[in-house]
Every structure is written in C-alpha cells, then in structure tokens.
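Basis for what follows: all heavy atoms, side chains included, without hydrogens, waters or symmetry-related copies. Numbered from 1 within each chain, the chains take letters A, B, ... in sequence-line order. Keep in mind it's a predicted model, so treat the numbers as computed, not measured.
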Amino acid sequence: MADRYEPSTFESKWQQRWADEELFATREEEARPKFYGMDFFPYPSGAGLSVGHCRNYVPTDVICRMKYMQGYNVLHPMGFDAFGLPAENEAIKRKTHPAPMIDQYAANYKRQMDLVGISYDWSRSFKSSDPSYYKWTQWIFELLYKRGLAYRKMASVNWDPVDKTVLADEEIVGGRAERSGAVVEKKWIPQWFFKITDYAQQLIDDLDTIDWPDGIKAQQRNWIGRSEGVQFTMKVSFEAERGVGHTELGVGEKSRYDLDADPERQTPNAERQLGFDVFTTRIDTIFGMTFCVLSPEHALVDQIAARVSLERQGAIREYRQQAKLLTDTDRTAVNREKTGVFTGAYAVNPANGKHVPIWLADYVLATYGTGAIMAVPAGDQRDLEFAVKFDIPVTPIQNPPKEFFAQFLKSWEELDYESALRSYHEDPRRYPQAYVAKDVPLIDAGEYTGMLFDEASRRLGEWIEALGIGERKVQYKLRDWLISRQRYWGCPIPVIHGAEGELQLVPEPELPVYLPPVDHYEPAGDGSSPLAHIDEFVNVCDRDGRLGRRETDTMGGFACSSWYFLRFCDPHNDDEAWSQKAADYWMPVDCYVGGAEHAVMHLLYARFWTKVFFDAGLVKVREPFLRLQNQGQVLALTPYRKPKEGEKLDIGEEGILISFDEAKTYEEGDVLWRWSRMSKSKGNVVTPDEAKEQYGADALRMFLLFVAPFNADVNWSSEGMQGSVRFLSRIFRLITDLQPLYESDWRTLLAFEELDNPAKELRRATHQTIQRCTEDIDRFQFNTYVSWLMKYVNSISDVAGAVKSPSRAYGLAVSEAIETLILLLSPGAPHSADELWEQIGKTGFTYREEWPAYDPKLATEDTMTIAVQVNGKLRDTLDMAVGSGEAEVVEAAKASKKVQTHLEGKTIRKVIYIPGKLVNIVAN
RNA sequence: GCCGGGAUGGCGGAAUGGUAGACGCGACGGUCUCAAAAACCGUUGUACCAAAAGUACGUGCGGGUUCGAGUCCCGCUCCCGGCACCA
C-alpha cells in the first residue's frame with residue numbers, strides 16, 4: 001500500500017492497461033447522448049510537445065473523461081496538421097523529405113500525449129497529408145468549384161520572399177508574413193481563391209448562435225468589417241467651372257447621369273462621358289465634398305491621363321510609378337505624410353453640381369470599396385490632412401460644439417464660441433481636427449440642412465437610388481481567401497489546364513491527385529511551384545484526350561484543417577468524405593479548445609466551409625464549433641542580457657537572448673529574467689517528459705489545472721509542481737489511513753444508519769464537493785475544481801482527526817468519501833485514481849465508473865451562519881439552526897452584545913433580512 | 001485611433017449585489033531529527049496596541065445608484081491582445 005504519490009510505480013502500468021483494454025475507443029450507443037470534445041490538431045514539430053501544449057490537452061481531457069463517466073458517448077480524437085509550410089521548411093533545413101519526417105514527429109507527439117494520459121481514441125487518428133485524407137480535401141475543392149466558390153484569377157497578391165510563396169491576407173500581420181516574419185511584396189500572378197466573401201453576412205450573423213469568447217467573435221466581426229453606406233457614380237468633367245445645382249435636378253432625370261458604372265468597360269472615346277463610383281458611409285456629408293481621390297491603381301486614371309496636358313500626364317505617371325514601388329507596410333504606415341497629384345480632371349458632385357478636383361493619392365486603397373472616394377475634409381481626418389497639405393478648400397458640414405474649439409485653447413476662459421465659430425467658417429483648416437457627428441444638424445446642405453445623420457442619410461440614399469446613379473450598399477473588408485501556394489508540401493489542386501487553356505476538374509474517380517514522390521522539392525522562387533518542374537506530374541491528358549497541364553499550385557494548409565472535425569466522425573470511410581449519418585450524430589463539436597491565434601484564420605475558414613457543406617446538404621449544422629475556449633499560454637523565465645555597445649535590439653525584445661548556461665557566467669544583476677512563451681528558439685522549453693520524470697504525469701496535470709484560470713497565462717514554476725505532488729501524496733496517505741474503515745457495500749448499508757455528527761459532516765462535505773466539482777468542470781473552471789478537491793481532502797482529514805471512536809455510520813460515510821474522492825479525482829489525475837481504486841480492492845477502471853451524483857438534502861448545512869451588519873458594516877456573526885424564521889433571527893441579531901454597542905444612542909429605522917445569510921440593521 | 005479583455009495580500013488566484021481574500025505557493029513559528037531535507041501542526045491583508053479584545057482602513061483612480069458594491073452605472077488611468085489611411 002502506498003501512503004504517498006509515487007508515480008513511477010504505477011503511471012506507466014495504467015497507461016499500458018488502458019491501451020490494452022482500448023479504454024478510449026469511441027462508443028456509439030443510441031441510448032446515450034453524445035459529446036464531441038476536441039483540441040486544435042497540431043502541426044507536429046521536431047521540437048516535440050512542451051508543457052504549454054498540455055495546458056491545451058489536459059483540460060479538454062478532464063471534460064471528456066467526466067462526460068464519459070456521466071454516461072455520454074464521447075468522441076475525443078486527435079490528428080495531425082501535417083501539410084504546410086512549417087513542415088516543409090523544417091524538412092528542407094534537415095535535408096530530408098517531409099513525409100517520413102512528419103511520420104516520425106507525429107509518432108513522438110502521440111508518445112508524449114500518451115505519457116500524460118490524454119484519453120484520445122487513436123483508432124480515429126490521421127494526418128492531413130495521408131492520401132486517404134487529402135483525396136477528400138480535393139473532393140471538397142471540386143465541390144467548391146462546382147458551386148462557384150473556387151476561382152482562378154490574376155491578382156495582386158502577398159508574396160513572401162523568404163518562404164517563396166503567396167500567402168492569404170489572414171496570414172499577414174502588420175505587413176509581415178506571420179510565419180517567416182518577412183516583409184511581404186506584391187506580385188501580380190494568377191491565383192486560386194475561395195469565395196468566402198459570399199458568406200460574409202452569414203459569418204457575422206451566426207456568431208450570435210455560438211458560445212465563443214467575446215474577443216474571438218469581435219476579431220471575426222472586425223476582420224469581416226461590415227459597413228453600410230451608399231455607392232454612387234460621379235461624372236468626370238475637364239472644366240473647373242461650376243455646373244448646375246442640385247435643386248435644379250428633378251428626381252427621375254436619370255438620363256443626365258446615365259453612364260457606364262464600370263470604368264473598366266469604358267472606351268477611351270473623347271465623346272463618351274467618363275465617370276467613377278465612390279462608396280461612402282456618410283452620404284449626409286456629401287455637400288462638404290471639396291475633392292475626390294482615386295487610388296493610383298484605379299482603372300479610370302489612364303482615360304483621364306489621355307485627355308490632359310503632357311505635363312500632367314508625366315506627373316501622373318511618375319506618381320503611379322512611385323506608388324507601385326512602395327510596400328503595403330510603407331504605404332499604410334501610421335502618421336505617414338500624405339502624398340498625391342492632381343489629375344487635371346474634375347468630378348461633378350450630384351448633390352449640388354459643383355465641380356471638384358480629382359486627385360490621385362495612395363491613402364485610398366484600390367482593394368477596398370470602389371478604390372475611389374469623395375473627400376469631405378471637414379469631417380474626415382485623412383481628407384483634412386490632404387486638403388491642408390495641398391491647399392484644397394474645406395467646406396464646413398456641421399457647427400462643432402464648444403468642446404471642439406476648447407482643445408485648441410489653453411483654457412476655457414479664452415473661448416469665445418461665437419467668434420471661434422466665425423473663424424471656423426472662414427477657414428476650417430485653422431483647426432487641424434476633422435469634426436463630424438451623427439447627432440448634430442447639417443449646415444449648408446441644401447434641402448437637407450438642419451437634418452441629423454439618420455434622416456439625411458436615408459433621404460439622400462433614396463434620392464440617389466431614384467436618380468439611378470447609385471444605391472445603398474453594404475461593404476465588407478473581408479476579401480476572398482487566397483488558397484494557392486507555390487510550394488511542394490501541400491494538397492495538390494485537382495485541376496487540369498486543358499489544351500485551350502480552359503480549366504477542367506480532375507474527374508472524381510481519379511482522385512486523389514497524388515503528390516509525386518520527389519527528391520527535390522525546394523521552392524523555385526520565381527512564383528512557380530516546384531511541381532511545375534516535374535514533367536511527369538505536369539503533363540497529362542485532358543478530358544478530350546489532348547495534352548493538358550496539371551495545376552501545379554498546392555493548397556495552403558488551412559484548407560486541410562477546415563474540415564478535419566468532420567473526418568473524425570467517420571475517419572475510415574473510403575467512399576465518402578464522411579457519411580451523413582456519422583456527421584449528423586456527432587456534429588457539432590460540443591467543445592473545441594485551442595489557442596487564440598487562429599481567430600481569423602482556421603476558425604473563420606472552418607466556419608465558412610461548414611456553411612458551404614450545409615448549403616450542399618452534406619451536414620445539418622451551420623456552425624462547426626458550438627463552444628470554443630482558448631487556453632492561456634505557459635510562460636517560462638528566460639535569460640537576457642543588456643545589449644553591449646553597438647548592439648541593437650530587435651523590435652519588441654527587451655535584451656539579447658542568452659542561454660541558461662551563459663546566464664550562469666554573468667553577475668546576477670546583469671541578467672534580465674523575463675517571462676516569455678516556451679519555444680525552442682528561446683531554450684526555455686519544459687517538456688512533459690521531464691515533468692513526468694521528475695514529478696509524475698498526474699502532478700503535472702493537476703498543476704496545469706490548478707495554477708490559474710484556464711484562459712490566463714501561467715508562469716511555470718517547479719514550486720507549484722511540488723505543491724501538486726504534496727496534494728496527491730496527501731490523498732494517498734489519507735486513503736491509506738482510512739482504509740481500515742472502508743466497506744465496499746456502504747451504499748446499501750448507509751440507508752439504514754442514523755447519522756451521528758461526524759458522519760453527517762462528512763457526507764455534507766462529500767455531496768457539496770460533488771456538486772461544485774461537477775459544475776466547475778462544466779464551466780471550464782478547472783482551478784476551482786482542484787481547489788474543491790483540496791478543501792475536501794482537508795475536511796476529511798479534519799473530521800477523521802476529531803473522531804476518537806468511530807461509529808458504524810461514520811465508517812460508512814468514510815467509505816462513501818473514499819470512493820467519491822477517487823472518482824472526482826479521476827478526470828484530473830486518472831492514474832492515481834485507478835491506482836487507489838485498485839488499492840481499496842476494486843477492479844477495473846475509474847473511467848468506466850459512474851460519475852458521483854449529489855444529494856441536495858445531504859449537501860445542505862443544518863446550521864446557518866448569519867452575518868449581522870449595522871449600517872452595512874459587519875459587526876457579528878450568528879450560528880442559527882436551519883429553518884429559523886425571520887423574527888427569530890432578527891431577534892438574535894438585536895440581542896448581540898457587539899451589535900448593541902453599535903446601536904447605542906441610535907434609533908433603528910429599518911431591518912433587512914436576507915434569508916439564511918444576513919441581517920442588516922439600519923439605524924441613526 | 002478603433003475593437004476586445006483585464007487590474008483583488010509578498011505571489012497565483014476565490015467570491016449568483018449580501019461575512020472580501022476560498023484553495024494553493026511563499027514566509028514565519030513549532031514537532032520530529034545529532035543536524036538537514038521531507039513530512040506534519042500553527043500563524044500570516046494593512047495600521048493603531050506589548051498582546052488580546054477592539055477599532056479604523058482595504059479589491060487601479062474619481063464620482064453615482066443601493067440598507068449593502070470587487071460585483072451595477074458614469075467619467076478616467078494603466079496593462080495585455082487584436083485591427084488599423086477600410087472611406
């Protein structure tokens with residue numbers, strides 16, 4: 001018998017028994033409810049798992065284990081996100097092929113996951129690079145293609161010069177590639193896209209139906225970036241003169257503005273009226289328009305340039321050239337001085353007929369809206385800066401309030417609102433701050449003068465629609481998902497370029513298009529895929545038996561991870577990606593756990609695909625993940641030193657990273673210890689292997705659960721691990737000490753016993769603990785789940801310590817407590833639970849036992865502690881029998897000596913009684 | 001700038017508007033030991049007081065609602081994460 005926690009003597013033994021018994025094989029029994037719990041599947045890196053990964057896997061494991069014990073059919077799978085850049089880059093670095101390398105790494109991940117006792121059903125595992133899996137990824141590509149959701153087009157795309165491939169917008173952070181950190185360049189090449197924009201509105205709306213962290217939902221809403229406004233066409237004129245005013249235009253006079261809305265389709269015919277579209281969310285400010293801006297890439301620019309002086313043409317060409325050379329990062333840098341050039345043409349403001357100059361400026365992006373704006377410098381900071389720099393007039397749209405002017409003065413006393421307003425009207429550029437509000441009436445806005453945003457916007461929108469020059473429109477920032485990668489290690493795109501250059505899908509029976517086994521697969525770097533240089537792969541007969549070319553781009557890794565949760569439902573199906581029956585049974589995922597860094601990548605793409613599957617009738621759910629939780633990171637102390645003379649720090653670094661060995665060679669004060677995320681490059685990784693070796697798997701599990709709230713970051717400490725060992729040891733000792741009293745048939749016997757005091761107290765603790773642990777696991781409050789267990793162990797010890805001669809009832813209550821403690825411990829510390837279960841003479845596994853149920857009657861206290869306050873301040877506490885009435889309690893409260901001291905000389909005005917909790921006597 | 005989240009003892013953190021600091025770590029004192037480690041027992045928010053009793057103060061800051069606020073409302077500060085010239 002073990003009276004302390006000695007993991008080396010039993011943890012491996014139980015892991016072996018679980019495996020032999022296939023304890024975690026998924027069961028599907030009609031009578032039971034299902035529970036689908038899942039972790040983000042990892043890319044298996046050569047560095048192996050750190051305890052940081054365990055912070056993701058252990059809590060999910062606790063939930064799944066409890067759900068199983070509660071009688072659910074549990075699906076708790078794990079697989080590997082094997083395709084993609086990280087794997088390929090690592091293989092290149094190691095001069096090996098990614099396929100065998102990934103197999104080896106995945107095997108190591110599995111070994112480590114087993115080491116900490118995670119209850120995965122390995123029989124359902126797969127890698128996204130398995131042909132039996134990517135066959136169906138290709139099948140889904142074809143599904144998207146057939147539904148008009150996959151297309152190929154020339155586009156200006158993000159090119160990562162380090163990884164030598166294009167990347168999706170979601171993979172770019174602040175102008176740099178998320179993976180390689182390289183500043184991305186623009187490349188104009190044909191690329192494959194998935195039309196996620198078709199689902200923009202649904203992707204926003206359905207966020208309301210799922211239980212996800214607010215932050216992730218907000219990030220997705222932000223990324224999709226919906227805004228409502230008006231898009232309308234403006235005529236181009238080459239004369240600066242003023243035209244007719246708005247009031248002279250009758251509604252219905254469409255002919256005057258009847259021009260081709262798409263500038264690309266316009267012929268450079270001098271007789272033809274040029275025009276361009278703009279999008280605005282503030283149509284109410286249209287009377288304040290004093291210029292227009294086209295992005296340098298705008299298609300209309302050539303046509304305008306063709307009709308202006310040579311001098312202007314030169315300036316335009318030069319400016320466009322300049323803009324081309326800038327990276328997106330430079331171009332969109334904050335506080336960048338505005339640049340631009342006047343085109344020589346004018347736009348006609350449809351609201352008042354005024355001609356305003358059309359400028360070219362790179363602060364207007366070609367990729368958003370129409371690539372052109374109406375500029376209202378009074379109300380828009382960017383437009384104002386531009387107007388100031390290029391000396392363009394500013395027309396006020398609203399009268400700013402006093403506060404607006406006050407910010408330009410040293411004190412309020414100086415403010416003379418009347419004269420400030422007068423000077424603002426003379427020239428708003430004196431105040432370098434744009435002002436616009438929704439609840440301030442418009443000025444100088446024709447018949448809309450005096451209206452507020454809501455009314456003016458609505459009526460101007462109606463007017464523009466009636467005039468036929470535009471419409472109210474919803475605009476999204478979200479752009480289509482760029483899926484092609486010019487890299488080897490990914491899922492081949494199942495498309496053939498026919499002899500005529502037309503696109504043909506590879507016929508379904510011919511799937512999968514195998515990734516060819518090759519010796520050299522390094523990226524070419526010229527924008528072509530390595531597959532393009534493999535003749536046997538490229539050359540292929542097309543549908544009509546003519547020579548065609550295979551598509552040589554592969555799909556980015558996020559394609560593979562956008563449906564794997566469906567494959568887990570039916571992983572060995574050779575005929576379908578998944579069977580309808582299996583998906584209907586298991587989907588949606590009830591609980592999905594992983595890092596917050598995938599907020600707008602994986603999590604958005606997976607939602608998109610699920611919606612497509614729903615529309616195709618392949619699944620019955622609109623959302624894949626019902627509940628999402630993000631675990632906090634595990635941070636480790638990492639040594640840095642101060643930079644020496646001439647050394648520069650990387651952005652965001654606080655010192656020069658040094659190794660732990662190197663740190664020892666420095667004086668104590670010269671080493672800066674910082675908490676940073678565990679990573680191989682920082683040399684601060686603690687592996688589950690070492691943690692298990694030193695402290696045991698269960699101690700590691702309990703520590704990770706207890707140390708902080710689930711979603712908070714954790715500072716790794718061995719002291720905390722030691723505490724966890726101590727706690728488990730206390731349990732072993734406690735159960736060993738109490739075991740002589742243990743009777744296995746306590747359940748039937750207890751019913752006949754009158755409970756004495758220690759027995760009653762013990763049972764109360766038992767049933768309270770069952771309730772709290774169960775609720776807290778469901779609420780993802782694993783730290784308090786562990787606290788309740790600790791408190792429970794303390795209570796059992798305290799009661800046991802006070803009992804001199806144990807009664808029969810007490811012995812039975814102890815028996816109940818022993819079993820309950822072991823079972824409640826089981827999800828968190830399953831090895832110890834099974835070992836203790838065996839120690840008390842049981843056979844089998846706690847995993848197969850029923851989760852304890854609590855009896856509310858037994859959990860109820862029989863005395864209640866009443867807090868007694870005088871004027872809201874605690875003065876005394878009273879122990880009263882449960883069931884004491886209000887009168888009785890208030891009486892006792894008033895009788896308290898301590899209370900009376902504070903009531904002296906005062907009159908009681910009011911007494912508040914909260915049943916079972918508190919009396920507050922209000923007196924003065 | 002915008003969007004999200006947060007701020008509670010020496011530390012990690014508990015707390016359906018109702019006794020703030022559960023549980024743990026650390027620290028201090030003790031038991032055991034030749035000694036140490038481990039283990040066990042006790043103390044541990046701050047101030048006043050020799051101590052106890054007691055009193056006052058106390059959940060980032062300033063107001064408010066309430067019999068009662070860590071919790072709700074208004075206005076700030078700082079920290080973390082995300083987005084950012086998106087018209």
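The distance between the ring centers of A:Phe291 and A:Phe386 falls below 6.0 angstrom.
No engagement by A:Ser717 is indicated, since no non-hydrogen atom pair under 4.0 Å with the nucleic acid exists. Among the heavy atoms of the strands lying under 4.0 Å from A:Gln219 are primed sugar atoms or P, OP1, OP2 only; no base atom is included. Across all strands, A:Arg875 comes closer than 4.0 Å only to sugar-phosphate atoms, never to a base (heavy-atom distances). Contacts of A:Thr877 with the nucleic acid, taken as non-hydrogen atoms under 4.0 Å apart, include base atoms.
Each of A:Val600 and A:Asp214 was assigned the nucleotide of RNA chain B with the nearest heavy atom; the assignment lying further toward the 5' end belongs to A:Asp214. Each of A:Ile172 and A:Ser724 was matched to the nucleotide of RNA chain B holding its nearest heavy atom; the match closer to the 5' end belongs to A:Ser724.
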- So what does the secondary structure string of RNA chain B come out as, 5' to 3', with Watson-Crick or wobble pairs under 3.5 angstrom, [ ] for crossing and | for pairs with another strand? (((((((..(((.....[....)))((((((.......))))))((((.....))))..(((((..]....))))))))))))....

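A gap of 15 Å separates the C1' atoms of B:G9 and B:A15, to the nearest Å. Comparing the C1' positions of B:G45 and B:G13 gives a spacing of 15 Å, expressed to the nearest Å. A distance of about 15 Å separates the P atoms of B:C78 and B:C61, rounded to the whole Å.
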Quick test: give all pairs of protein nitrogen or oxygen and nucleotides 36-44 of chain B nitrogen or oxygen below 3.5 Å, distance rounded to 0.1 Å.
{"from": "B:A39", "atom 1": "OP1", "to": "A:Arg726", "atom 2": "NE", "distance (Å)": "3.2"}
{"from": "B:C40", "atom 1": "OP1", "to": "A:Arg733", "atom 2": "NH2", "distance (Å)": "3.1"}

Below 3.5 Å between N/O atoms, which protein atoms pair up with nucleotides 77-79 of chain B? Just atom names and distances, please.
none

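For the 3.5 Å distance criterion, the side chains of A:Thr774 and A:Tyr785 fail to qualify, holding no donor opposite an acceptor. Donor-acceptor pairing under 3.5 Å is recorded for the side chains of A:Glu170 and A:Trp223.
Regarding the sugar-base torsion, B:G30 falls in the anti class, its angle being beyond 90° of 0.
Closest contact between the side chain of A:Lys917 and the listed nucleotides B:U19, B:C83, B:U16 involves B:U16. Out of B:A87, B:C67, B:A22, the shortest distance to the side chain of A:Ser787 is found at B:A22. Out of B:A87, B:G68, B:A22, the shortest distance to the side chain of A:Asn920 is found at B:G68. The A:Leu365 side chain lies nearest to B:A87 when the options are B:C67, B:A87, B:U19. Comparing atom distances between the A:Leu874 side chain and each of B:C23, B:C3, B:A20 picks out B:A20 as nearest. In this structure, of B:A87, B:C83, B:G18, it is B:A87 that holds the atom nearest to the side chain of A:Val364.
At least one side-chain nitrogen or oxygen of A:Asn794 sits closer than 4.0 Å to the OP1 or OP2 atom of B:G24. A:Lys873 has a side-chain polar atom (N or O) that falls below the 4.0 Å cut-off from OP1 or OP2 of B:C57. The phosphate of B:A22 has neither OP1 nor OP2 within less than 4.0 Å of any side-chain N or O from A:Lys791.
Residues A:Asp208 and A:Arg221 are paired through a salt bridge, judged by an N-O separation under 4.0 Å between the basic side chain and the carboxylate. The pair A:Arg336-A:Asp362 meets the salt-bridge criterion, since a charged nitrogen lies less than 4.0 angstrom from a carboxylate oxygen. Checked for salt-bridge contact, A:Arg764 and A:Glu861 meet the test: a charged N lies under 4.0 Å from a carboxylate O. With salt bridges taken as basic N to acidic carboxylate O contacts below 4.0 Å, one links A:Glu6 and A:Arg4. Look at A:Asp3 and A:Arg733 and you find no salt bridge, because none of the NZ, NE, NH1 or NH2 atoms lies under 4.0 Å from a carboxylate O. Residues A:Glu228 and A:Arg472 are not paired through a salt bridge, judged by the lack of any N-O separation under 4.0 Å between the basic side chain and the carboxylate. A salt bridge links A:Asp776 to A:Arg779: one of the charged nitrogens lies within less than 4.0 Å of a carboxylate oxygen.
Look at CD1 on A:Ile912: it is 7 Å from P on B:C67, rounded to the nearest Å. Atoms CH2 (A:Trp223) and P (B:G4) sit 18 Å apart, rounded to a whole Å. In this structure, A:Lys477 atom NZ and B:C83 atom P are separated by 11 Å, rounded to whole Å. Rounded to a whole Å, the CZ atom of A:Arg674 is 12 Å from the P atom of B:C80. Regarding A:Leu918, its CG atom lies at a distance of 14 Å from the P atom of B:C67, rounded to whole Å. Rounded to an integer number of Å, the gap from A:Asp380 CG to B:C85 P is 13 Å. Between the CG atom of A:Leu705 and the C1' atom of B:G24 there is a distance of 14 Å, rounded to whole Å. Distance CZ (A:Arg677) to P (B:G81): 12 Å, rounded to an integer number of Å.
Not counting sequence neighbours, A:Asp798 has no partner by the side-chain hydrogen bond (donor to acceptor under 3.5 Å, both in side chains) test. Remark: A:Ser797 pairs with no residue by the side-chain hydrogen bond (donor to acceptor under 3.5 Å, both in side chains) rule, at least two apart or across chains.
A:Pro296 and A:Arg320 get closest at one heavy-atom pair: O-NE, 2.6 Å.
The backbone N or O of A:Ile196 lies less than 3.5 Å from no partner atom in the side chain of A:Arg479, so there is not a single donor-acceptor pair.
Under the side-chain contact (heavy atoms from CB on, under 4.5 Å) rule, A:Arg730 has a single partner from A:Ile735, A:Asn794, A:Val725, which is A:Asn794. Checked against A:Gln771 for a side chain to side chain donor-acceptor pair (under 3.5 Å), the options A:Gln768, A:Glu775, A:His767 give a single hit: A:Glu775.
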- Message: I need a per-nucleotide contact map over nucleotides 7-15 of chain B, read 5' to 3'. Cutoff is protein heavy atoms under 4.0 Å; write B for the base, S for backbone only, - otherwise.
- Response: -----BSSS

